[in-house]
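The block underneath contains the structure these notes are about, expressed in structure tokens.
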Amino acid sequence: MARLAETPLYYLGGRKKLSATELEFMRFIWKHPEGVSSEKIYQEFPQARGTKSTILYHISEKGYVDKKQCGLHHTYNALVTQEEYEHALLLQQIRDGLGNTSFEGLVAAFCGKTLSKAQIEKARNFLRELEDEMEDQ
């Protein structure tokens with residue numbers, strides 16, 4: 001059976017979405033911000049060694065980790081934080097579901113109508129006020 005083409009995550013520079021198993025491996029890597037050796041990763045997961053190597057290779061090829069050779073093993077460092085990944089997934093779901101990720105578009109979608117120019121400007125002003133408040137804190 002052929003694999004379906006993966007939709008790129010536009011909010012992560014077009015990287016491909018992680019599979020469920022790849023995401024499990026990334027969650028382990030994210031727990032080690034200083035980097036983690038392949039040996040530690042191999043000890044953590046039950047799959048066959050070759051399968052684990054393939055999963056790590058796919059994660060690396062998708063651009064989520066930097067891999068450095070250290071003796072017989074590799075050290076993996078995350079290039080994307082867990083927060084960045086989850087944020088990109090959420091934005092992608094909103095974009096795919098509503099066709100828009102702008103604040104005004106989301107407000108209009110929730111209201112079930114299109115917004116007037118005045119309403120759009122009011123929403124933008126509200127966001128500016130929120131940004132100003134956050135900068136003052």
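- Distance check, rounded to the nearest 0.5 Å: OG1 of T75 to NZ of K40 gives 10.5 Å.
- Side-chain contact between T21 and Q47 is present, with at least one heavy-atom pair separated by less than 4.5 Å.
- Residue-environment remark: NE2 (H87) stays at or below the threshold of 12 foreign heavy atoms within 6.0 Å.
- E61 has no carboxylate O lying under 4.0 Å from a charged side-chain N of K16, or vice versa, which leaves the two without a salt bridge.
- Distance check: I59 CD1 to S19 OG gives 7.5 Å after rounding to the nearest 0.5 Å.
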Legend entry - side-chain contact (heavy atoms from CB on, under 4.5 Å) between R15 and V80, worked out: CA-CA 10 Å; R15 287 179 174 94; V80 174; 3.6 Å; yes
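- Of all heavy-atom pairs between Y85 and L18, the closest is OH-N, 3.0 Å.
- At least one side-chain heavy atom of L89 sits less than 4.5 Å from a side-chain heavy atom of K17.
- The shortest side-chain heavy-atom distance between V65 and I29 falls under the 4.5 Å cut-off.
- When the shell of 6.0 Å around OH of Y42 is examined, it contains more than 12 heavy atoms from other residues, nucleotides or ligands.
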Inset, instruction - For the pair E22 and K62, evaluate side-chain contact (heavy atoms from CB on, under 4.5 Å) and give the outcome as yes or no after the intermediate values. - result: CA-CA 10 Å; E22 291 167 348; K62 289 180 178 182; 2.6 Å; yes
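- Checked by atom type and distance alone, the side chain of H74 never pairs as donor or acceptor with a backbone atom of C70 at under 3.5 Å.
- Pairing each heavy atom of P8 with each of Q92, the nearest pair is O-NE2, 3.3 Å.
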Inset, instruction - Kindly determine whether W30 and L23 satisfy side-chain contact (heavy atoms from CB on, under 4.5 Å), including the steps that lead there. - result: CA-CA 10 Å; W30 283 323; L23 185 55; 3.9 Å; yes
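- A donor-acceptor distance shorter than 3.5 angstrom exists from the side chain of N77 to the backbone of G35, with no hydrogens or angles considered.
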Legend entry - side-chain contact (heavy atoms from CB on, under 4.5 Å) between I41 and L56, worked out: CA-CA 9 Å; I41 296 170; L56 289 169; 4.0 Å; yes
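- Shortest non-hydrogen contact noted between H73 and S38 is CB-OG, 3.2 Å.
- Summarising the geometry of L12 relative to A88, their closest heavy-atom pair is CG-CB, 3.5 Å, with the distance given to 0.1 Å.
- Between the OH atom in Y11 and the CG atom in L90 there is a gap of 10.0 Å [rounded to 0.5 Å].
- A single hydrophobic cluster is seen to contain both Y10 and L91, as judged by linkage of ILVMFWY side chains at heavy-atom distances under 4.5 Å, directly or through other members.
- The two residues F45 and K52 have their closest heavy-atom pair at O-NZ, 2.9 Å.
- E84 places a side-chain N or O within donor-acceptor distance of the main-chain N or O of T81, the cut-off being under 3.5 Å.
- In this structure, the ring of F25 has its center no less than 6.0 angstrom from the ring center of Y76.
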